[in-house]
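Since we're looking at a predicted model, the values are computed, not measured.
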Amino acid sequence: MSTYTEIAPTQVLVDRPFTHPEHTLADIAYLRQIAHYLRITLNAAGPQAAVWRQRIIRTTVSEGRVLRMVICNGGELLRPAPMPVVGFFGQRRADAEYGPIGRVDEELLEEFLQHPHIIAYCSLELPSGDWGNLVVMSSPEAPLHWSASARHRYAAEELAPRYYASVRIHNAELPTGLMNGGELLLARTKYYDYRAPGHWRGRRELTPPQRFAFS
């Protein structure tokens with residue numbers, strides 16, 4: 001199994017610019033934007049949002065960009081409780097073929113809707129044409145449970161290296177929940193360079209977690 005190259009919090013790897021700390025700031029801004037639209041949607045629904053299950057909302061936001069919000073459990077999203085979150089940002093290959101990964105994405109969507117600890121999965125089209133993804137969970141056990149999915153492993157290990165040149169995955173927490181805004185605590189970012197032989201992996205641990213305003 002591949003090991004991770006440990007990267008210091010402010011370290012810059014000139015040969016892997018997608019790992020630059022400035023990208024984290026941009027990614028967090030997009031995650032904040034996604035969370036903002038998700039809060040607006042839940043607030044607009046009023047009490048009805050508490051009983052939402054398996055609801056998929058597709059809309060357009062600034063500059064006509066597409067936003068897909070998959071609300072698996074509205075009641076859980078409304079709770080003022082700590083929520084683990086994952087941010088996924090992939091940089092496509094120039095010759096990437098969407099067909100295979102698009103089909104698996106739709107299949108994974110069905111799994112997300114049934115997952116006991118994933119309460120929202122949102123995807124925002126970015127100005128670059130890539131996508132930013134926010135996954136909100138109700139339990140720290142969710143990532144481990146999700147990693148056991150055979151379809152998820154296939155997407156991560158077989159399809160992702162063919163579709164993406166590189167990937168950033170942020171692991172964080174909303175300590176007071178989604179609806180209260182407050183802060184996002186970023187604990188680590190994992191990096192994957194699929195252009196490198198053997199698929200280089202990097203990891204930036206933040207101890208204590210880095211704090212970002214998330215309202």
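- The aromatic rings of His23 and His20 sit perpendicular, their planes meeting at an angle over 60°, well past the 30° parallel limit.
- In the model, Asp27 has a side-chain atom that pairs as donor or acceptor with a side-chain atom of His170 under 3.5 Å.
- Counting only distance, with no hydrogens or angles, the side chain of Arg16 and the backbone of Leu13 share no donor-acceptor pair below 3.5 Å.
- In terms of heavy atoms, Ile118 sits closest to Cys72 at O-CB, 3.2 Å.
- Linking ILVMFWY residues whenever their side-chain heavy atoms come closer than 4.5 Å, directly or via other members, leaves Phe212 and Leu185 in distinct clusters.
- Considering OG of Ser139 and CD of Glu76, their distance stands at 10.0 Å, rounded to 0.5 Å.
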Evaluate the criterion side chain to side chain contact (heavy atoms under 4.5 Å, CB included) for residue pair Arg92 and Trp131; output intermediate values, then yes/no.
-> CA-CA 9 Å; Arg92 290 177 301 169; Trp131 292 78; 6.0 Å; no
Audit row: Leu186, Glu173, side chain to side chain contact (heavy atoms under 4.5 Å, CB included) steps and yes/no = CA-CA 7 Å; Leu186 178 62; Glu173 181 186 65; over 6 Å; no
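- Nearest heavy atom pair, residue Gly132 against residue Leu126, reads N-CG, 3.7 Å.
- The closest side-chain heavy-atom distance from Pro127 to Glu63 is below 4.5 Å.
- A donor atom on one side chain and an acceptor atom on the other are found under 3.5 Å apart for Ser123 and Asn133.
- Ile169 and Val136 fall into different hydrophobic clusters, where Ile, Leu, Val, Met, Phe, Trp and Tyr side chains are chained together by heavy-atom contacts under 4.5 Å.
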Given Ser62 and Gln33, is the side chain to side chain contact (heavy atoms under 4.5 Å, CB included) satisfied, shown in steps?
-> CA-CA 10 Å; Ser62 59; Gln33 185 178 2; 3.8 Å; yes
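- Nearest heavy atom pair, residue Ser138 against residue Pro84, reads C-CD, 4.3 Å.
- Contact check for Pro82 versus Thr176: no side-chain heavy atoms found under the 4.5 Å cut-off.
- For the atom pair Asp193 CG and Thr19 OG1, the distance stands at 9.0 Å (nearest 0.5 Å).
- Although no hydrogens or angles enter the test, the distance criterion places a donor-acceptor pair under 3.5 Å between the side chain of Arg32 and the main chain of Ala213.
- Here the closest non-hydrogen pair linking Thr59 and Met69 is CG2-CE, 4.5 Å.
- In this structure the side chain of Leu67 never reaches within 4.5 angstrom of the side chain of Thr60, judged on heavy atoms.
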Contacts table for residues 50-57: side-chain donor-acceptor under 3.5 angstrom, sequence neighbours left out:
from: Arg53; atom 1: NH1; to: Ala50; atom 2: O; distance (Å): 3.4
from: Arg53; atom 1: NH1; to: Asn73; atom 2: OD1; distance (Å): 3.4

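- Under the 4.5 Å side-chain heavy-atom criterion for ILVMFWY residues, a single connected hydrophobic cluster contains both Leu42 and Tyr37.
- Here the straight-line distance linking atom OH of Tyr192 with atom CD of Gln91 works out to 13.5 Å at 0.5 Å rounding.
- Annotation: the span from Glu183 atom CD to Arg211 atom CZ amounts to 4.5 Å, rounded to 0.5 Å.
- Across all their heavy atoms, Tyr4 and Gly202 have their closest contact at CD2-O, 3.5 Å.
- Met137 is not listed as a side-chain neighbour of Ile119, based on a closest heavy-atom distance of 4.5 Å or more.
- For Phe89 and Tyr164, the ring centers sit 6.0 Å or farther from each other.
- In this structure, Leu134 is a member of the same hydrophobic cluster as Leu184, with clusters built from ILVMFWY side-chain heavy atoms closer than 4.5 Å.
- We find that Asp95 and Arg93 are not joined by a salt bridge, their nearest charged nitrogen and carboxylate oxygen being 4.0 Å or further apart.
- Here the CG-CZ distance, from Leu78 to Arg39, works out to 12.0 Å after rounding to the nearest 0.5 Å.
- A continuous path of hydrophobic side-chain contacts links Phe214 to Tyr30 [ILVMFWY only; heavy atoms under 4.5 Å].
- Counting heavy atoms from C-beta on, the side chains of Asn171 and Thr189 never come closer than 4.5 Å.
- Closest approach of Ala8 and Arg204 over heavy atoms only: O-NE, 2.9 Å.
- At distances below 3.5 Å, not a single donor-acceptor pair connects side-chain atoms of Asp130 with backbone N or O atoms of Glu125.
- Judged by the 6.0 Å and 45° rule, Arg168 forms no cation-pi pair with Tyr191.
- Summarising the geometry, atom CG belonging to Asn180 is positioned 8.5 Å from atom CE belonging to Met83; distances are rounded to the nearest 0.5 Å.
- Contact check for Val135 versus Val85: no side-chain heavy atoms found under the 4.5 Å cut-off.
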